[in-house]
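The block underneath contains the structure these notes are about, expressed in C-alpha cells.
The basis for the numbers below is simple: all heavy atoms, side chains too, and nothing from hydrogens, waters or symmetry mates. Residue numbers run from 1 in the order of the sequence given.
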Amino acid sequence: MAEEAVFEIRNEDDAWTILERALHNKLGELPGVHVVWKGWPSLNIHLSNVPEDGTISSSTMTAILELQKSLYRTHALLASGSDNLRSLSRAEREQFELRLKVEKGSSLLSINLSEIISKYGNDVIAKMTGTELLIMVLGLALIYAGKLVIGEFIKAKTEQRKLTSDDEKTRQLLSNYQAQLENDTKRFELLTQALEKKPVLKQIEQSATEARDEIVKAVADEGGGSIQHIPLPREVANEISSVSRAQSSEAKLVGQYRVTKVDTTVPDGFRVTLEDVKSSELVTASLFDAIVSAEHRRVLQDAEWRKQPVYVEMAGRKLRGKIIDAKIVSVAPIPASAAR
C-alpha cells in the first residue's frame, strides 16, 4: 500500500500555497493524503461593545446557529449529495457539532474548525484521488475560515450597499471602508478555480454566505467588532447588514443527464437522481404527473439500466445555487449517433 503524503497546515498562507500547487498539478501523483492542522482553521469573532464580557446575545446566538446549520448542510452534501438536514441522524449531528469558546473576561468568540474539516475529508475520501481530496478540504477550510474569503464577502456586501444608497455620506463612508480592506485577486482566483473543479463547493459557499450574513448582523447589533480580525465598525456593519437573505427563484433545466439512481420507495412513488453530463452537478427530481409520465418513467429506468444519457427538461426552484423541488417535464432517449 502506497504511503500517504502528509501536508501540515499551520496558517491560511499554507492553505493557499498548497491549494495552488494542487490545482496546478505541481504535487505529482498522490494516491493518498493526510492533512495535519496546526492551530488553523479557526473562526474568530470579536464584539466591541457587549454590555458584559463573556456573554452572548440572542442575535449572536442566531448567527452561531446559522453557522452550525451550514456545517451540517456541508456534511449532508458531501456524504449524500443532498442538503436536506432532516436526513441527518442524531449521531451525525453530534459528530459535526461546533464548539464555541468565549475567552474569559473578553468578548472574543473562537471556533476551532480543524476537527470538523478533518471529518469532512472522511466523507469523500473513498470518492476522490489524493489531489482532489486535498483541493476539497483546503477549499472547505478557506470558505469557512479564510480571512481573504471573508474579506471578499464583506467587500461585496459593502459594494452592494453603496450602489443602492442614495445618501452621499453613506456612499463615502462605505468607499473609505472598502479602501482599507485587503485585496489579493490572484489568491481569490484560486478558490474560484476550486469551486469550478468541485461544483459541490459552490453549494457549500452559498450556505456559508448565509451564515456570514447572520454574523455581520450580530456584529452590527453589538455595536461593531471584527470578523476573522477584519475590523467592522458599527456604522459600516449597520449599513451592510441590511442586505436581504437568499431567496429561491424559478428555474428551468434542459440538457443531457445520466441517471445515477432511481428510487421507487419514496412516498410519491418515483424519484430519480440525475447527473449533468457537462458539469457533473446532481439534481434530484420527481415526475410532473405520475400517470401522464408513465413513459418518462420507463425511459429513465431503461437509461439507468443501459447507463446511457437522456435528454431531460425540468422545472424547479433555485436556492443557494442548487435546484430544488425539481419536476421532470419531458424525457427523451438520445440517438446512438448523437450520444457523447
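Distance alone, capped at 3.5 Å, is enough to place a donor-acceptor pair between the Ser107 side chain and the Leu47 backbone. A side-chain donor-acceptor contact under 3.5 Å links Lys119 to the backbone of Gln95. Between the side chain of Tyr311 and the main chain of Ser330, no donor-acceptor pair closer than 3.5 Å is present. The backbone N or O of Asn238 sits less than 3.5 Å from a side-chain atom of Ser241, completing a donor-acceptor pair. Checked by atom type and distance alone, the side chain of Tyr144 pairs as donor or acceptor with a backbone atom of Ser70 at under 3.5 Å.
In Lys127, the NZ atom is crowded: over 12 heavy atoms of neighbouring residues, nucleotides or ligands sit closer than 6.0 Å. Atom CZ of Arg171 sits in a crowded spot, with more than 12 heavy atoms from other residues, nucleotides or ligands closer than 6.0 Å. Within a 6.0 Å sphere centred on CD of Glu97, other residues, nucleotides and ligands contribute more than 12 heavy atoms.
Taken from CD1 in Ile215 to CD in Gln228, the straight-line distance is 9.5 Å, to the nearest 0.5 Å. In this structure, the separation between CD1 on Ile150 and CG on Leu142 is 10.0 Å, given to the nearest 0.5 Å. The CD atom of Glu313 sits 9.5 Å away from atom NE2 of His296, with the distance rounded to the nearest 0.5 Å. Atom CG of Asn122 sits about 10.5 Å away from atom NE2 of His75, to the nearest 0.5 Å. From Lys38, atom NZ reaches atom CD of Glu8 across 5.0 Å, with rounding to the nearest 0.5 Å. To the nearest 0.5 angstrom, Lys155 atom NZ is 10.5 Å from Tyr177 atom OH.
Taking all atoms of both residues into account, the shortest heavy-atom contact from Tyr72 to Arg93 is OH-O, 3.0 Å. A pairwise comparison of heavy atoms in Ala326 and Val283 identifies CB-CG1, 4.0 Å as the closest pair. Scanning both residues, Ala22 and Leu134, for their nearest heavy atoms gives CB-CD2, 4.2 Å. Considering every non-hydrogen atom in both Ala76 and Asn84, the closest pair reads CB-O, 4.5 Å. Thr260 and Glu304 get closest at one heavy-atom pair: O-OE2, 4.2 Å. For the residue pair Leu98 and Gln68, the shortest heavy atom distance occurs at N-OE1, 2.9 Å.
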Quick one: do Met314 and Ile323 satisfy side chain to side chain contact (heavy atoms under 4.5 Å, CB included)? Show the steps, please.
CA-CA 10 Å; Met314 290 177 280; Ile323 300 299; over 6 Å; no
Apply side chain to side chain contact (heavy atoms under 4.5 Å, CB included) to the pair Ser48 and Glu222, showing each step before the final yes or no.
CA-CA 7 Å; Ser48 303; Glu222 295 291 1; over 6 Å; no
Salt bridge (charged side-chain N to carboxylate O under 4.0 Å, His left out) for Lys147 and Glu182? Distances and angles first, verdict last.
CA-CA 9 Å; Lys147 181 179 179 181; Glu182 294 181 21; 3.4 Å; yes
Would you check, one step at a time, whether the test side chain to side chain donor-acceptor pair (under 3.5 Å) holds for Asn112 with Ser42?
CA-CA 4 Å; Asn112 186 338; Ser42 62; over 6 Å; no
Stepwise salt bridge (charged side-chain N to carboxylate O under 4.0 Å, His left out) test for Glu159 and Lys162
CA-CA 5 Å; Glu159 180 65 20; Lys162 189 170 68 172; 3.3 Å; yes
Before giving the answer on salt bridge (charged side-chain N to carboxylate O under 4.0 Å, His left out), spell out for Arg161 and Glu239 the whole-Å C-alpha distance, their side-chain angles and the decisive distance to 0.1 Å.
CA-CA 7 Å; Arg161 181 68 187 105; Glu239 290 295 336; 3.0 Å; yes
Apply the test side chain to side chain contact (heavy atoms under 4.5 Å, CB included) to residues Val254 and Val312: give CA-CA distance (whole Å), side-chain angles for both, the deciding distance (0.1 Å), then the verdict.
CA-CA 6 Å; Val254 180; Val312 182; over 6 Å; no
Apply salt bridge (charged side-chain N to carboxylate O under 4.0 Å, His left out) to the pair Arg187 and Asp13, showing each step before the final yes or no.
CA-CA 10 Å; Arg187 276 190 165 177; Asp13 283 339; 2.8 Å; yes
Using the side chain to side chain donor-acceptor pair (under 3.5 Å) rule, take Gln172 and Asn176 through it: C-alpha gap first, then chi angles, then the decisive distance, then the call.
CA-CA 6 Å; Gln172 189 60 54; Asn176 292 341; 2.9 Å; yes
Show the numbers, then the answer: is there a side chain to side chain contact (heavy atoms under 4.5 Å, CB included) between Gln193 and His24?
CA-CA 10 Å; Gln193 293 174 27; His24 297 164; 3.5 Å; yes
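Under the 4.5 Å side-chain heavy-atom criterion for ILVMFWY residues, no single connected hydrophobic cluster contains both Leu133 and Val36. Side-chain heavy atoms closer than 4.5 Å link hydrophobic residues (I, L, V, M, F, W, Y) into clusters, and following such links, even through other members, never connects Leu282 to Val277.
Side-chain contact between Ile117 and Val35 is absent, with no heavy-atom pair separated by less than 4.5 Å. The shortest distance between side-chain heavy atoms of Leu23 and Glu196 does not fall below 4.5 Å. The closest side-chain heavy-atom distance from Ser57 to Asp221 is not below 4.5 Å. Residues Ile9 and Leu138 form a side-chain contact, since some pair of their non-hydrogen atoms from C-beta on lies under 4.5 Å apart. Put simply, the side chain of Leu140 does not reach to within 4.5 Å of the side chain of Ile116, judged on heavy atoms. A heavy-atom distance below 4.5 Å is not found between the side chains of Glu210 and Glu214. Between Ile240 and Leu174 the shortest side-chain heavy-atom distance falls below 4.5 Å. Looking at Val310 and Asp302, their side chains never come closer than 4.5 Å, going by heavy atoms from C-beta outward.
Side-chain N/O atoms of Glu12 and Trp16 include a donor and acceptor closer than 3.5 Å.
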Mind listing the side-chain donor-acceptor pairs of residues 25-34 below 3.5 Å, one per line with the distance, residues two or more places apart or on another chain?
none

